[in-house]
Student: 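Have a look at this one before I ask anything.
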Amino acid sequence: MKISSDFDSGNILVQDASDPHKVLLAMRKDLNSDHFQWFHFHVEGLTPGARHDFSITNAGQSAYSHAWTGYNAAASYDQQTWFRVPSRFENGVLHFGLEPEQAQIWFAYFEPYSRARHAALIEQALALPGVELHACGRSLEGRDIELLRVHRHGGATRKVWIIAQQHPGEHMAEWFMEGIVRRLGDASDGELDALLQQADLYLVPNMNPDGAFRGHLRTNAAGQDLNRAWQSASAERSPEVLFVQQAMREVGVDLFLDIHGDEEIPHVFTAGCEGNPGFTPRLEALETEFRQRLVDCGAEFQTRFGYPRSAPGQANLNLACNAVGQEFDCLSFTLEMPFKDHDDTPNPTTGWNGQRSKKLAADMLGVIGQMVDRLR
């Protein structure tokens, strides 16, 4: 048996593989950080039909150790079709296994979104009418951070911003962005055209390419959590945030969505800006309407479960959602998708996955189109 993770978004340490039917593993910490929770590795030399079990021994020391309860690992024989493997968390160890159909398999915390697929997504987007590379930032390690602008009508005045994968292990976020691009490619989409008559879209498909490539959960190459750097962005520790902030200030923002994944909560939900000093009844009404329209359109979304509401004036303004909402007096949300499943519409075979993330993005564009004329 051979176990490897020396590839894009790979992360695993082999502790003991002397028994190929009972392998002991551990997750590697983010560089310059104590965060860890993401894993992604390849196994070769399996015996099809024979039971193989894997145990991640340091799961109980991970960043969100309570998240493993109810979680099932993702697996794939071809890196195209991913399925869930029954898993259990006992005494700080995550156990999962199967009787494989093939001699090789990949396991991951969630269906990965590769850098090769990212490059193809950017190429696909730039081939669409009205899509341009508005600007390109650089990560600490020199990887591109593409800011795409979608501009199809000269009279469009609203500015809608969507950014994704500030936390690199939250790969569902770039699957969501692929859903945005896919819908942009439908030339017969009248609802989308109506949105773009009034708004330009500004899209950052991956805010943290270094962390994503390195197999991080939470941070960039400096060990910085980008979603805690929106009041202190710097070229030395968080150029990724600094780049987007500067572009926002040049362009303006009328609606902002920051796309994430949540380790613990098995539901899709949003977090808003109710704790911001500048939160007003106008913004509260927009937040309520946005959420209700998502529910009404049949999206995989709900409003019962989520984060506790911040007390008035007590928001953490280091977070992108709060920082942007406060600075631009705009509707601003963090969208959270699960690493587990959306328990309101469960799918035990796949759990929450890339395909469902893409569909949610398409539904969300529809809601933005319904509300774009009332953002100001």
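Predicted, not measured: the structure shown is a model, and the values here were computed from it.
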Student: Do I56 and F96 come close enough that some side-chain heavy atom pair is under 4.5 Å?
Tutor: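 Yes, side chains in contact.
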Student: Aromatic rings H342 and H267: how do their planes relate, parallel, tilted or perpendicular, breaks at 30° and 60°?
Tutor: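 H342 vs H267 ring planes: perpendicular.
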Student: Output all residues satisfying salt bridge (Lys or Arg N to Asp or Glu O under 4.0 Å) with D344, sequence neighbours left out; order by chain, then residue number.
Tutor: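 Scan of D344 (salt bridge (Lys or Arg N to Asp or Glu O under 4.0 Å), adjacent residues dropped) gives none.
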Student: Between F41 and F39, what is the ring plane arrangement, given parallel below 30°, perpendicular above 60°, and tilted in between?
Tutor: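 Tilted, since the angle between the ring planes falls between 30° and 60°.
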Student: Q166 and side-chain hydrogen bond (donor to acceptor under 3.5 Å, both in side chains): which single residue from T334, N208, D258 fits?
Tutor: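 Among T334, N208, D258, the one meeting side-chain hydrogen bond (donor to acceptor under 3.5 Å, both in side chains) with Q166 is D258.
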Student: Within the 4.5 Å heavy-atom criterion, are C330 and R376 side-chain neighbours or not?
Tutor: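 C330 vs R376: side chains touch.
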Student: Minimum heavy-atom separation for L217 and A63, please, with both atom names.
Tutor: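 Smallest interatomic distance, heavy atoms only, reads CD2-CB, 3.8 Å.
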Student: Going by ring-ring contact (aromatic ring centres under 6.0 Å, His included), Y109 matches just one of F36, Y64, F339. Which one?
Tutor: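 The passing option is F339.
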Student: Quick one: pull up OH in Y71 and CD in E264 and give me the separation to the nearest 0.5 Å.
Tutor: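 It comes to 14.0 Å.
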Student: Between H42 and F7, how do the two ring planes meet: parallel, tilted or perpendicular, split at 30° and 60°?
Tutor: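 H42 and F7: perpendicular rings.
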Student: For the residue pair P112 and W82, establish whether any side-chain heavy-atom pair is separated by less than 4.5 Å.
Tutor: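 Contact flag for P112/W82 side chains = yes.
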Student: Could you check whether the rings of W175 and Y113 sit parallel, tilted or perpendicular, using 30° and 60° as the cut-offs?
Tutor: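 Plane angle over 60°, so perpendicular.
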Student: Does L360 share a hydrophobic cluster with L203, counting links as ILVMFWY side-chain heavy atoms below 4.5 Å and allowing steps through other members?
Tutor: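 Cluster IDs for L360 and L203 match.
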Student: Using side-chain heavy atoms (C-beta onward) and a distance below 4.5 Å, is N32 in contact with H216?
Tutor: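 No, every pair of side-chain atoms sits at 4.5 Å or beyond.
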Student: Could you check whether any side-chain heavy atom of E327 comes within less than 4.5 Å of a side-chain heavy atom of R249, counting everything from C-beta outward?
Tutor: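 Result yes, sub-4.5 Å side-chain heavy-atom pair found.
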Student: Parallel, tilted or perpendicular, judged at 30° and 60°: which one describes the rings of F269 and Y307?
Tutor: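 The arrangement is perpendicular - the two ring planes meet at more than 60°.
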Student: Connecting only ILVMFWY residues whose side-chain heavy atoms lie within less than 4.5 Å of each other, what is the rest of V253's hydrophobic cluster?
Tutor: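 Members alongside V253: I145, L147, W161, I163, Y202, V204, M207, L226, W230, V241, F243, V244, M248, V251, F256, V324, F328.
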Student: Could you work out, with side-chain hydrogen bond (donor to acceptor under 3.5 Å, both in side chains) as the rule, every residue matching S188, not counting sequence neighbours?
Tutor: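 Here the qualifying residues are D186.
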Student: If the test is side chain to side chain contact (heavy atoms under 4.5 Å, CB included), which one of Q198, K159, R158 qualifies with L375?
Tutor: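 Of the listed residues Q198, K159, R158, the side chain to side chain contact (heavy atoms under 4.5 Å, CB included) partner of L375 is R158.
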